[in-house]
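Lettering of chains follows the sequences in order, A, B, ..., and the numbering in each one begins at 1.
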Amino acid sequence: MAAPRHSISHKILAVKLATTLVALLLALSAMVAYDLRLYYQNWINDVQTQAELVGQMTAPALSFDDARVAGENLALLRYRPRILAAAVYDARGRLFAAYPQPASGFPKLPEGDGARVEGNELIVFKRIVNDREILGTVYVRAEYSLYDRLLGYLGIAGVVTALGMGIALLFSRWVHRVLVRPVLAISQLAAEVTEKRNFALRAEKLTDDEIGLLAESFNAMLAEIQRATRELEASNRQAAGEVAERRRAEEEVLRLNAELETRVAQRTTELQSANAELEAFCYSVSHDLRAPLRSIDGFSQVLLDDFPKDVSGEAQRYLGRIRSSTQRMGQLIEDLLNLSKVSRGELARRDVDVGEIARQVFSDLQQREPGRKVEVSVWDGMQANADPRLLRAALDNLIGNAWKFSAKAEHARVEVGLLRDGTQASFFVRDNGAGFDMRYANKLFGAFQRLHSANEYQGTGIGLATVQRIVHRHGGRIWADATPGKGAVFFFTLAPGSAPETQASKEVAA
Amino acid sequence: MDALTRRILFLALVALSLPALAQDRAAEVQIKAAFLYKFGEFVQWPPATFARADAPFVIGVMGADDVAAALEQVVAERTVQGRPVVVRRLRRGEALTGLHMLFIGREDSARLAETLAAAKGQPLLTVTESDNAIAHGSVINFVAEDQKVRFDIALPPAERGQLKISSRLLAVARRVISI
């Protein structure tokens, strides 16, 4: 980096030189003026004294009219080369003697006492008086080299000024070297540090003064910056490493997730195909089992109906048992087929009135067993978004169970309602029938699980499994609460978000 | 223009109107009178020669009435060494006492020697205008040179008379005789 265009050193130099110049000029002017004035006065005094001396010396010559002696006296002035000419006039104003010879260029007549400067010459007139008597007049013309002297002085002044300026310049160089250069060095270093971002650079401590201290402070600052930068870089590297690590971990997680999803999809597909095969097998087996059962039942009925005489009473009883067994087996197969059916096919969801379906179920049950008296309560306004066929099947099972297990109760009562818990809406079917031990609650929804003997209550043990499958297919959940002998409540939810509206009103059916 | 100058101018005008010789003599007398007067300034007399502090300076003139007359005019209202000047006309053989300066007009050698012998050894500045006057013991003797009045000075008679002659006067003398 070059020194700035108006650097301090240049300004200092300019000020110093200007000061020196002014001081020199003032001092020299004063000296010259003083000297010239002194020269003028001294020279006039000198010449006047010389004229006086000449007068005194030539006084006898004048008195005794001896121009030769006067001339000789005047000729002595040759030892004063700066006196150019001199003359003595007698009392009558005639030129008496002159120097140098031949006499020419002298005033015709003398003047009174006095001195004056004419160009480069000083002219002095001095009267020779003896005892109040004027003997004559001395005329002296001397060189008056004021201008030469002035020129000489100007020469000296020039030399002195040049010397002074030279010394000032040298001094300024010294100042520059001692004061400005170290500062400039630090400045350049600062620029270099900024430019190259190299904090390892250090300022050279050139002097032992304040600038040296500055250099030291600057170096300390650089060291601090270097340290901080190093730490920052290390921290940055660490952070970058951490970020990379995290990204790698995230990528790993994503990869694992994708793999997992793929695997899940694969497993799901495998499971679905296995399920489908199983259900197809089950359906096929159930369907195929039904034909021989019908034959057994049908032929048993034919035997009973068409050959009452050929079949003994005991045989008839056995045939009856055969029939009931085959009928039960038929029912079982029917239920299995239903279970299989609810697992297959698409869900056809739409908004349905749950209460309406429940009332139809109750109506069918009442028609099947007109002798039963059950207090039915169905809440109004229970809407749901569900497949009506499957919902009907579920309610058939749940309400059918409630109807069935409340058969031995004194005042049978079945209630279908809706509980709200925040956004969660749970439908329930409650009865005051046999109930069950909650210890077996986990076995409720398995197929072929029965908590009561077939003698007490008819059933295949597949109904609740079917209900659970329907609820699950709707994305819901099913659970139960019961007390043996006091009744049971079955809760179920359907897909979240299909929150049904409710109006708390009761309808009592006879 | 002072009185002397005026007088000199007047005398010069008078001289112009005279025949050449008379004119020369008149001018010469004037100059010599003036010189006599001025000699007094360049010579020191022993103090004893003046009776009192204000005693006059006495110039005796012998055998030259025209010079005496001119001198009287010159010294009127003037002083020599701060003293009034008295011009005394002397006849030949008259006593020389009380004189400080004596001018002896042109004389033959015998008479001149006689007068100078009388003055010998006395503090008396003797001025003459005759040839060989120095030889007879005169201190200052006028001579003519290049038509100008000049003078010779003899130091031994002056020393004998205890007179001290200024070197400035010696400087303008034609000749200075030391021995």
| Within 45° cone of W43(A) ring axis and under 6.0 Å: R82(A) NZ or CZ | yes
| Region of R150(B) in contact with chain A, defined by heavy-atom distances below 4.5 Å | side chain
| said: Please classify the contact between S166(B) and chain A as side chain, backbone, both or neither, with a heavy-atom cut-off of under 4.5 Å. | reply: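 When you check distances to chain A, no heavy atom of S166(B) falls under 4.5 Å.
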| query | Can you pull out the residues in residues 45-59 of chain A with any heavy atom less than 4.5 Å from chain B? | reply |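 Contacts with chain B: Q56(A), A59(A).
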| Aromatic plane relationship, F50(B) with H100(B) - under 30° parallel, 30 to 60° tilted, over 60° perpendicular | parallel
| task | May I ask you to check whether F64(A) and F39(B) place their ring centers less than 6.0 Å from one another? | result |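 Ring-ring flag for F64(A)/F39(B): true, centres closer than 6.0 Å.
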| message | For the aromatic rings, using the six-membered ring if either is Trp, is the centroid distance between Y89(A) and F96(A) under 6.0 Å? | response |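 No; F96(A) has its ring centre 6.0 Å or more from that of Y89(A).
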| request: May I ask you to check whether Y147(A) and N120(A) show a side-chain donor-acceptor distance below 3.5 Å? | output: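 Side chains of Y147(A) and N120(A): no pair found under 3.5 Å.
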| field | Heavy atoms of other groups near R116(A) CZ, more than 12 under 6.0 Å | value | yes
| Does a salt bridge link E133(A) with R78(B), judged by any charged N lying under 4.0 Å from a carboxylate O? |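 The answer is yes: the pair qualifies as a salt bridge.
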